[in-house]
Amino acid sequence: MSLQDRTRFEPAEVEPRIIERWLASGLFHPDPSDPSPGWSIAIPPPNVTGALHMGHALNGAIQDVLIRWHRMHGDRTKWILGTDHAGIATQTQVEKLLRSEGTSREELGREAFVQRTWAWRAEYGGTIIGQLERLGASADYESERFTLDEGYVRAVLEVFTRLYDKGLIYRDNYMVNWDPGSRSAISDLEVEEREVDDHLYSIAYPLTDGTGEVVVATVRPETMLADTAVAVHPDDERFTHLIGKRVRLPLVGRELPVIADPYVKPEFGTGCLKITPGHDPNDFEIGRRHGLPEVSVIGEDGRMTEAAGEAYAGLAVLEARERVVADLGDAVRAVEPYRHTVPISHRSGERIEPLISLQWFMRMDELAKPALQAVRDGRVRIHPESQRRRYEAWLEEIRPWCISRQLWWGHQIPVWYRGDEVHVGTAAPEGEGWTQDPDVLDTWFSSALWPFATLGWPDETAELQAFYPTAVLSTARDILFLWVARMVMMGLEFMGDVPFRDVYVHSVIQAPDGRRMSKSLGTGIDPLEEIDRHGADAVRFGLLAMSSTQDVKYSAEKVAQGQALANKLFNASRFVLGKVPEGTVAAARPSAVEDRWILSRLQAIKADTAARIEAFDFSKVAFGLYDFVYRDLCDWYLELIKHRAVDDDLGATLLHVLRETVALAHPVIPFVTEDLWAHVGNGEGDHGLLAGARIPDVDEALRDPAAEAAIDAVIGAVTTVRGWRNDAQVKPGAFLQARINAAGYEQTAGLVARLARLELSANGGDPAATVAVPGGTVEVLTSGDFDPGEAEQRLERQRDGLRAEIARAEGKLGNQGFVAKAPPEVVAAERGKLERLRAELDAL
RNA sequence: GCGCGCGUAGCUCAGGUGGUCAGAGCACCGCCCUUACAAGGCGGUGGCCGCCGGUUCGAGUCCGGCCGCGCGCACCA
């Protein structure tokens, strides 16, 4: 269908064709063997299990704007694409599937389970990539990576081995966050504190010497079975006499020492703290300080172990709690309601069970220092500022990272055991009888290598040379520590350079009512449905327009504005192409003041857009384009030239302005602009595609302040006269005789007349009405075509406004303090303003 | 508990270094199917700039204190 037959832009019809052309062009896939410098972004790899959500869509739009902008400025761009194996999430998903089939991972065995998971990934794992295509993301689909692909695994094993050799990775029995849901240890960053209503129990432990008892307070009575001491504050005079005595642990019978430790808060609870090194992180620390035994009574399945004693073994923790409280009888001295926070697994949603267990850890202090320095000295810039402070604060107090996970899906830890022998290496050791450590690495361990492992490291590839470091990392703030900080550490350690120059932390998109967007709350909005409804351009524009340094609510309005913009630009193009003769060559050849004006405005929007992209101010990028297209281009320029005969100069200029506008808007709304490029692009760009064409630089020679002033006056005058006509109830179509009695319209009187529907006259008679316009007045000469009463009322309102402003200015200048203390130029400006206002009032 | 941010028209938000800063978009109201677009055009209504004090000739704009909302960090049993 020809352009002139399409009265509106139909995204659903156009988008699939355009995606096809882009992908076929190879534009998104720079030659991997070319080592010349490039400009790259590594996508935060979405989970293979995932479907595109609003966060992905926003981040996709942001990254694509950056990538397209740079591609259209001649950079060799690569948007590194791939997915994350997402250990826990994927394993959980596949286990669920197995359960529905009546089997389990245990039944299948490790090898078969992992195979099954690969098969699952092959079937379902690619959906999100296809969804990114629909968004218009110009990523390198031809070299998609996966954190478990062959090359990536090599990188992970290499890093583990080197860090082990450096002494940064070690194995230890230590307290970890045990997630009973995924049956694995998880890191501190995967734990969320949630407030719950609980009970605080006071329990009496009798002194062994029969002189009394010690009452301790706890929210977890069942852990008393693993108590190995009671602690009081060393300076708490109520209890100093108890220090060194012993108590008998009820139900168990074990004797416990009463120790002194400053951790105990005398004012809290009873002032006496039961110490359970096996099941509480603080007690664990205290226990290690005092050399206390570590007793475990809760197992990895979340049930009481044999060590809890016959009466409790096998019970779930909550059952055990009830039983213990019942069995304690009178020893429970008080039960009060108590609200506090408990640790919840971010992965499974279950309550964390702190347990002592043998895990692999990574020392972070040595790697953290350079990562902190890189941000402090600006080699990595984090935007916005508030996020930089968060990053620094976290790195300053970094703790060891538990990197082993008791899962099957992931990078199995490259450590083998045979008796007391240990082998650490990228390959299994020679000889018989070795068994590999069953655990896998935390998913974030592999993600931390993303910016260089995806480019071929540890080999020295041309891609590494060309695209490392990447330019920008755009991401959500919840993975600033989990991922971003660790990439900086690993990049510095293994590449000797930061992994990216800028980190942009984007908004979180909330539901329209301000709640979190989530499936379980039913508050989620599916970006793909929005694309179906409004088009990818609209969704991209809307998300960019919403984005901010703060969290934002999803705004259907802004998506609608994006859709309107695409349609507006489409129709403006139809109009221009309908006027410009076949064969016209686009060029800036202004022949009238409005031509010089639009060319000058075009330079301004190009410069503004560049500055806003540099500053990651995507909202202003989007709205700046919107305003330019609507106001400058359509409302004014096209209206101003509508009745001009299209000579060669005007045709060339029109086409030039349209082409540059279409190109400039492409990074934000790539589909409609690519569609239009087929008609205005004149075959320019790789494969004739706008995605492969250039956005022309700002042409300073076309900046024209005089033309801008002249047309600003036209806009002011036309708007005012239209307002007057509206109030005076002039027939919309009527042309009124009038004369312009104002300076600055020498070249533009005709334009004002046409757009305000005036018939300029040299008639010297008295005006029937006067309208104040910039630089003077317009005097309407014909009476009878309007309501003089309404007209006079409007005039009076204008006079009132002027009088009020004059009064304000006079008041200010009459204020001795102002005249004496304000800077002279401010006072002078105020005087000038007053004179101007008085002149305007006189004219009316 | 500590830290950070926010509270400006009905809604979503702009408003470096204090002096046309009271704005935009959408919504709303009125008028127009003017041959690019009615998913359009033109015009208009609308705001103790959260509250209370302070600094200043002058404060959405700086300072202090409240109130409300959000986020981050945190080992109080």
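Computed from a predicted structure; not experimentally measured. A note on names: the letters A, B, ... follow the listed sequences, proteins ahead of strands, and every chain is numbered from 1.
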How many angstroms lie between [atom1] in [X] and [atom2] in [Y], if you round to the nearest 0.5 Å?
{"X": "A/His506", "Y": "A/Arg477", "atom1": "NE2", "atom2": "CZ", "answer": "9.5 Å"}
{"X": "A/Thr223", "Y": "A/Leu225", "atom1": "OG1", "atom2": "CG", "answer": "8.0 Å"}
{"X": "A/Leu58", "Y": "A/Ile509", "atom1": "CG", "atom2": "CD1", "answer": "4.5 Å"}

Residue-phosphate contact under 4.0 Å: [X] side-chain N/O, [N] OP1/OP2:
{"X": "A/Arg8", "N": "B/A39", "result": "yes"}
{"X": "A/Lys274", "N": "B/A77", "result": "no"}
{"X": "A/Lys568", "N": "B/G41", "result": "yes"}
{"X": "A/His340", "N": "B/C76", "result": "no"}

Where the side chain of [X] is defined as all heavy atoms beyond and including C-beta, which of [options] is the nearest nucleotide?
{"X": "A/Glu10", "options": "B/A39, B/C13, B/A77", "result": "B/A39"}
{"X": "A/Asn567", "options": "B/C37, B/G41, B/C13", "result": "B/C37"}
{"X": "A/Gln563", "options": "B/A77, B/U34, B/A39", "result": "B/A39"}
{"X": "A/Ser386", "options": "B/A14, B/C4, B/A36", "result": "B/C4"}
{"X": "A/Arg722", "options": "B/A77, B/C42, B/C76", "result": "B/C42"}
{"X": "A/Val552", "options": "B/C13, B/A14, B/G43", "result": "B/C13"}

Whole angstroms only, please: what is the [atom1]-[atom2] distance between [X] and [N]?
{"X": "A/Lys553", "N": "B/C6", "atom1": "NZ", "atom2": "C1'", "result": "11 Å"}
{"X": "A/Asp617", "N": "B/A14", "atom1": "CG", "atom2": "C1'", "result": "10 Å"}
{"X": "A/Phe735", "N": "B/U34", "atom1": "CZ", "atom2": "C1'", "result": "10 Å"}
{"X": "A/Ile382", "N": "B/C4", "atom1": "CD1", "atom2": "C1'", "result": "15 Å"}
{"X": "A/Arg574", "N": "B/C37", "atom1": "CZ", "atom2": "P", "result": "6 Å"}
{"X": "A/His233", "N": "B/C75", "atom1": "NE2", "atom2": "P", "result": "20 Å"}

Mind checking the [atom1] distance from [N] to [M]? Whole angstroms is fine.
{"N": "B/G25", "M": "B/G44", "atom1": "P", "answer": "12 Å"}
{"N": "B/G68", "M": "B/C52", "atom1": "C1'", "answer": "15 Å"}
{"N": "B/C4", "M": "B/C66", "atom1": "P", "answer": "15 Å"}
{"N": "B/A59", "M": "B/C71", "atom1": "C1'", "answer": "29 Å"}
{"N": "B/C57", "M": "B/G18", "atom1": "P", "answer": "15 Å"}
{"N": "B/G60", "M": "B/G19", "atom1": "C1'", "answer": "14 Å"}
{"N": "B/G3", "M": "B/U8", "atom1": "P", "answer": "25 Å"}
{"N": "B/G10", "M": "B/G54", "atom1": "C1'", "answer": "34 Å"}

Using purine N1 to pyrimidine N3 plus N6-O4 or O6-N4 for Watson-Crick, or N1-O2 and O6-N3 for G-U wobble, each under 3.5 Å, what pairs with [N]?
{"N": "B/A36", "answer": "none"}
{"N": "B/G5", "answer": "B/C69"}
{"N": "B/C31", "answer": "B/G41"}
{"N": "B/C26", "answer": "B/G10"}
{"N": "B/G18", "answer": "none"}
{"N": "B/G64", "answer": "B/C52"}

Is any side-chain N of the basic residue among A/Glu835 and A/Arg831 closer than 4.0 Å to the acidic one's carboxylate O?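 No.
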
Counting any heavy atom closer than 4.0 Å, what does [X] reach on the DNA or RNA strands: base, sugar-phosphate only, or nothing?
{"X": "A/Asp283", "value": "nothing"}
{"X": "A/Gly723", "value": "sugar-phosphate"}
{"X": "A/Arg389", "value": "sugar-phosphate"}
{"X": "A/Thr719", "value": "sugar-phosphate"}
{"X": "A/Ser555", "value": "nothing"}

Check whether NZ of the Lys or CZ of the Arg A/Arg390 lies under 6.0 Å from the centre of the six-membered ring of A/Phe481 and within 45 degrees of that ring's axis.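 Yes, cation above the ring, under 6.0 Å and within 45°.
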
Using the ring of A/Tyr263 (Phe, Tyr or Trp, six-membered ring only), decide whether A/Lys265 places NZ or CZ under 6.0 Å from its centre and within 45 degrees of its axis.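 That pair qualifies as a cation-pi contact.
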
In terms of relative ring orientation, are A/Phe284 and A/Tyr174 parallel, tilted or perpendicular, with 30° and 60° separating the classes?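 Perpendicular: the ring planes of A/Phe284 and A/Tyr174 meet at over 60°.
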
With A/Glu10, which residues qualify under salt bridge (charged side-chain N to carboxylate O under 4.0 Å, His left out), at least two apart?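 Testing A/Glu10 for salt bridge (charged side-chain N to carboxylate O under 4.0 Å, His left out), a comparison that skips the adjacent residues, returns none.
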
Using salt bridge (charged side-chain N to carboxylate O under 4.0 Å, His left out) as the criterion, list what pairs up with A/Lys274, not counting sequence neighbours.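 Only A/Asp227 meet the salt bridge (charged side-chain N to carboxylate O under 4.0 Å, His left out) criterion with A/Lys274.
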
Each nucleotide of nucleotides 19-31 of chain B classed B (base within 4.0 Å of a protein heavy atom), S (only sugar-phosphate) or -, in 5' to 3' order, makes BB---SBB---BS

For nucleotides 67-74 of chain B, 5' to 3', base contacts (B), sugar-phosphate-only contacts (S) and non-contacts (-) with protein non-hydrogen atoms under 4.0 Å give ----SSSS

With sequence neighbours excluded, residues passing side-chain hydrogen bond (donor to acceptor under 3.5 Å, both in side chains) with A/Arg659: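 With neighbours one apart ignored, the set is A/Glu684.
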
Show which side-chain atoms of residues 622-635 of chain A pair as donor or acceptor with protein atoms under 3.5 Å away, not counting sequence neighbours.
{"residue": "A/Tyr630", "atom": "OH", "partner": "A/Ala564", "partner atom": "O", "Å": "3.4"}
{"residue": "A/Asp632", "atom": "OD2", "partner": "A/Arg601", "partner atom": "NE", "Å": "3.0"}
{"residue": "A/Asp632", "atom": "OD2", "partner": "A/Arg601", "partner atom": "NH2", "Å": "3.3"}

Hey, which of these two, A/Ala564 or A/Trp724, hits RNA chain B nearer its 5' end, going by closest nucleotide?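 Upstream on the strand: A/Ala564.
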
Taking for each residue the nucleotide of RNA chain B with the nearest heavy atom, is it A/Trp636 or A/Tyr338 whose nucleotide lies nearer the 5' end?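 In this pair, the answer is A/Trp636.
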
Identify the two heavy atoms, one from A/Pro234 and one from A/Pro262, that lie closest to each other, and give their separation to 0.1 Å.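 Looking at all heavy atoms of both residues, the closest pair is CD-N, 3.7 Å.
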
Hey, is the side chain of A/Tyr263 pairing donor to acceptor with the base of B/C75 inside 3.5 Å?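 Result: at least one qualifying N/O pair found.
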
B/G25, syn or anti by chi within 90 degrees of zero: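 The base of B/G25 is oriented anti (glycosidic angle more than 90° from 0).
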
Taking A/His346 for the side chain and A/Glu192 for the main chain, is one N or O donor matched with an acceptor at less than 3.5 Å?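 Such a contact is absent between A/His346 side chain and A/Glu192 backbone.
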
